[in-house]
Amino acid sequence: MRKWLENANRGKKTKHMDRKLEGSAQKTESHMLQEQRAILEDTGEDGVSESFQLLQIDVECEHREKKALPADSAVWRSKNVQRKQKHWEKIVAAKKSKRKQEKERRKANRVENSGICPQHSKRFLRSLTKEKLLEAKHTGPRLCIDLSMTHHMSKKELSRLAGQIRRLYGSNRKADRPFWICLTGFTTDSPLYEECLRMNDGFSSYLLDITEEDCFNLFPLETLVYLTPDSEHALEDVDLDKVYILGGLVDESIQKKVTFQKAREHSVKTARLPIQEYMVRRQNGKNYHSEILTINQVFDILSTYFDTQNWPEALKKGVSSRKGYVLQNSVE
C-alpha cells in the first residue's frame, strides 16, 4: 500500500513538472510573437518586403557559389596550395630551360672543337645501322658461328659464349663495312639460346640468320674456310666469295684440334690468323703464349683488316698482350 502511494505521488509530481514546462514554452513563444509583431509594426510593409528580398538574394548567391565550385573536391585547392603549385611549376620550368641551354652549349662546343656537322639523332643512326647490316647480307663478307658443339659445355661456358656473341654482334653493328652473321647448328630450345635471351637484351631482334642446319650443309663446301689456330695455312685476305667459319667454343671446353678435325672430316679448307707472320713471342714470367682467341676477338681482327687492309693494325686490336705476343716492330 505504501509503495502504491509513493508511485502515485511521483506520477503527480511528474505531471506537475510537465505542465510547468509547457507553460514556460508557451510564454516564451508568446513573448517571441509579441517581439516579431513589434518589429513588423516598426518596419511596416516595406521593411518586410526588403527583408524578404535580402533573404532571397542571399539564397541565390549561395546557390550560385555551389554551382561555381567543381564537382571534384580534389580540384579545389586553397590559395596556399595554389601558391605552392605555381612556385613548383616555376622551378620545373627553370630546370628544363637550364638543361636545354646546357645541351645547346655542349653541342656548340662539339661542333667548334671537331669542326664537323652536329651529330645525327639516335633514330637516324639506328636506321643507318639497320640499312648497312641488311646491305651486308647481299654484298658483304659472310661469317658463320658453328654452334653444333655446345652440347658438352657447362652453364658457365655457355654464359661466356653468349657474352662473346653479344660483343661480336655489337662490333659488327659499329663497323663501317659489316659482315653478315649466321649462327648455324643453333636450336631455339637449346640451353645456349635461353642463355642468349637471358644475357643479351634484344637478342631476338638481332639482324642475323639463325638456323638449325649445320654450316657444312648450308653452303657449298668449296666456299667454306674454317678458321682454326691448328691450321697450317695463314689467312692472307678476306674474300667476298668465301664463307668463314668460327667454332663456337670457349677456353674451358677446348680440346686440341677439335675444329681442325671437324673441317678435315668434311674436306673443308682451313686457315689461321697470321699471328706468327706479324707478331713475335714476348718473354713473360709464366712463359705463356697462346694463339687461341675468343670468337669476338677473331671477328675484331677480321673486321679491322677488311676495313683497313692492314694485318698489323688488325692483329694489334684483337690479340691482347696477355696472350704473350707483340708486333714485330713494337718497342719493348
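No hydrogens, no waters, no symmetry mates; every other heavy atom, side chains included, goes into these values. Because the structure is a prediction, the values reported are computed rather than measured.
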* Asked: With a cut-off of 6.0 Å (strictly less than), are more than 12 heavy atoms of other residues, nucleotides or ligands near CG of Asp201?
  -> no
* So, do Leu147 and Leu192 sit near enough that their side-chain heavy atoms are less than 4.5 Å apart? -> yes
* Does atom NZ of Lys132 have more than 12 heavy-atom neighbours, drawn from other residues, nucleotides or ligands, at distances under 6.0 Å? -> yes
* **Phe186 and Cys196, any side-chain heavy atoms less than 4.5 Å apart** => yes
* Asked: Do side-chain atoms of Ser303 reach the backbone of Phe299 as a donor and acceptor pair under 3.5 angstrom?
  -> no
* Asked: Taking a hydrophobic cluster as the set of Ile, Leu, Val, Met, Phe, Trp and Tyr residues connected by side-chain heavy atoms closer than 4.5 Å, whether directly or through intermediates, do Tyr206 and Tyr193 fall within one such cluster?
  -> yes
* Around Glu232, counting heavy atoms of other residues, nucleotides and ligands shown, do more than 12 lie under 6.0 Å from its CD? -> no
* Asked: Which atoms form the tightest heavy-atom contact between Pro274 and Leu315, and what is the distance?
  -> O-CD1, 3.5 Å
* Verify the neighbour count for atom CD of Glu131: are there more than 12 heavy atoms of other residues, nucleotides or ligands below 6.0 Å? => no
* Are Asn200 and Tyr169 close enough, and set up right, to give a side-chain hydrogen bond (donor to acceptor under 3.5 Å, both in side chains), and what steps lead you there? -> CA-CA 10 Å; Asn200 306 341; Tyr169 181 75; over 6 Å; no
* Identify whether the distance between the nearest side-chain nitrogen and carboxylate oxygen of Arg99 and Glu102 falls below 4.0 Å. => no
* Structure fact -> Rounded to the nearest 0.5 Å, the SG atom of Cys215 sits from the CZ atom of Arg142 at a distance of 12.5 Å
* Asked: Is a donor on one side and an acceptor on the other found under 3.5 Å between the side chain of Asp230 and the backbone of Lys257?
  -> yes
* Asked: Are the side chain of Thr223 and the backbone of Pro220 linked by a donor-acceptor contact shorter than 3.5 Å?
  -> yes
* Asked: What residues, two or more places apart in sequence or in another chain, satisfy side chain to side chain donor-acceptor pair (under 3.5 Å) together with Ser231?
  -> Thr270
* Asked: Nearest 0.5 Å, what's the CD1-CD distance between Ile275 and Glu277?
  -> 9.5 Å
* Asked: Distance from Thr184 atom OG1 to Asp214 atom CG, nearest 0.5 Å?
  -> 6.0 Å
* **side chain to side chain donor-acceptor pair (under 3.5 Å) against Asn172, all qualifying residues, sequence neighbours excluded** => none
* **Least distance between heavy atoms, Ala136 atom then Trp180 atom** => O-CB, 3.6 Å
* With no hydrogens and no angle check, is any side-chain donor or acceptor of Gln297 less than 3.5 Å from a backbone partner on Thr294? -> yes
* **Heavy-atom side-chain contact between Thr228 and Arg272 under 4.5 Å** => no
* Closest approach of Leu208 and Ile181, non-hydrogen atoms and distance? -> CB-O, 3.3 Å
* **Side-chain heavy atoms of Tyr226 within contact of Thr259, under 4.5 Å** => yes
* To do: Kindly check if the number of other-residue, nucleotide or ligand heavy atoms within 6.0 Å of CZ (Arg173) is above 12?
  => no
* Structure fact -> Residue set satisfying ring pair (Phe, Tyr, Trp, His ring centres under 6.0 Å) with His266, at least two apart, ordered chain then number -> Phe216
* Side chain to side chain, Leu168 and Ile145, heavy atoms closer than 4.5 Å -> yes
* Asked: So does Glu194 pair up with Lys155, basic N to acidic O under 4.0 Å?
  -> no
* **Any Val243 side-chain heavy atom under 4.5 Å of Val225 side chain** => no
* **Taking every non-hydrogen atom, the tightest pair across Leu158 and Pro191** => CD1-CB, 3.8 Å
* Asked: Is there a side-chain contact between Phe306 and Pro141, using heavy atoms and a 4.5 Å cut-off?
  -> yes
* Close aromatic pair by centroid cut-off 6.0 Å: Phe179 and Tyr244 -> no
* Asked: Side chains of Glu212 and Thr187: donor-acceptor distance under 3.5 Å anywhere?
  -> no
* Asked: Looking at Lys262 and Glu265, does any basic side-chain N land under 4.0 Å from a carboxylate oxygen?
  -> no
* To do: Find out whether Lys242 and Leu224 are in side-chain contact, i.e. whether some heavy atom of one side chain is under 4.5 Å from a heavy atom of the other.
  => no
